[in-house]
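Working notes for the structure below.
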Amino acid sequence: MSSRDATIIGYLSVLTAAISLQAVAVRRRGRLPSLGQVLSHVMQSRTGRVGVIVAWAWIGLHFFAR
Amino acid sequence: MAKSVPVNLSAEGSFCVVTDVGEAAQNPPVAQASTGSPSLGRAAAAGLRQPIVAILLLIALFTAVSGKPLDGFLMLAVATLLIFDAARSRRQVSLTGSRNGASVAASADNRRRGPRRLLVRAAWLAAAALYCVVVGSFRRYSWPATASVVALGCLMIAIGWQGPLARRHRSGEPLRRAWLWAVVLVSGGLLELGSLLQQPHLTTDSYAHPTISALTDSVLASFPGRSAVLGGWLLTGWYLVSR
């Protein structure tokens, strides 16, 4: 297995872990917070809200802006 | 500027409004009032200690170093604004002696009813689709694409700064096992950082250690790919400012 394959498998593992966490959170309410609940919690304060939205804006800038 | 957020304070779901003073006022207001108004420098230092501000500053540094000065500048600008906002809020809390003293009305619940609401939603969807098609037609990293994305990003940050678009029930209780999400996000970040540092140069992609950006290059090279990704980005942004 090449380094490239290992790197891609790493990304896919992280993605799979996130999807699994969300699935568990939705199926068994109360045992785990969903991503939406975590975001809502973080975004209760202005700093958290702006921080999360800035992270979102950064993704757009990173992929499209010079 | 004091800002109100709706907060659910009880298990029964009762609803009240508290003044959001950011993360600045970490100490009890009464204690602050008794010690007098903090200096501007001390208040600003409190803003600087907030984790999100520190993260934004780190992102600004790494982004600027990796050849994206505009991204870095925007992150730095928002971090600076947050520090000033936190400092101002902290001084305000100290002067009023109470978080609730300057409480103002809750964020506007602008959910519209009936056909008008549907019409407004349809107009927003059409505008979003038009944005995706027009901006997706621009070449990546061109000035038109840069201006369009920067303008929308700044607009959403300004909307988010005002508070949630819709009134929502908030739970003040800490989330159990939220650290699992932190582990996943940090793992992804570290993997990306590892790949970035193993590139021959920060601005030159590595085939053996591709970053997420490098892996998505093929998708974003085409007009439909760019438009689809822009659509997902827009929907996510709308979801976030609505929360």
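Proteins get letters first, then strands, A, B, ... in listed order; numbering begins at 1 in each.
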Spatial distance of atom CG (B:Leu215) from atom OG1 (A:Thr7) [nearest 0.5 Å]
8.5 Å
Is chain B contacted by the side chain of A:Leu15, its backbone, both, or neither, given a heavy-atom distance below 4.5 Å?
neither
With a 4.5 angstrom heavy-atom cut-off, could you sort out which part of B:Leu56 is near chain A: side chain, backbone, both or neither?
side chain
Would you mind checking which part of A:Val50 comes under 4.5 Å of any heavy atom in chain B, side chain (CB onward), backbone (N, CA, C, O), both or neither?
side chain
Per-residue tally against chain A (heavy atom, under 4.5 Å) across B:Leu74, B:Asp217, B:Val135, B:Val184 peaks at B:Val184
Go through A:Pro33, A:Gly51, A:Ala57 and name the one with the most non-hydrogen pairs under 4.5 angstrom from chain B.
A:Pro33
Nearest 0.5 Å please: distance from the CZ atom of A:Phe63 over to the CH2 atom of A:Trp58.
7.0 Å
Under a 3.5 Å distance rule, please check whether B:Gln198 uses its side chain to pair with a backbone N or O of B:His209 as donor and acceptor.
no
Where does A:Thr16 contact chain B at under 4.5 Å (heavy atoms): side chain, backbone, both or neither?
neither
Would you find more than 12 non-hydrogen atoms of other residues, nucleotides or ligands less than 6.0 Å from A:Tyr11 atom OH?
yes
Just wondering, more than 12 heavy atoms not from B:Phe73 lying within 6.0 Å of its CZ?
no
Out of B:Ile59, B:Ile212, B:Thr236, which one racks up the most heavy-atom pairs below 4.5 Å with chain A?
B:Ile212
Please say whether the positively charged group of B:Arg226, taken as NZ for Lys or CZ for Arg, lies over the ring of B:Phe138, i.e. under 6.0 angstrom from the six-membered ring centre and within 45 degrees of the axis.
no
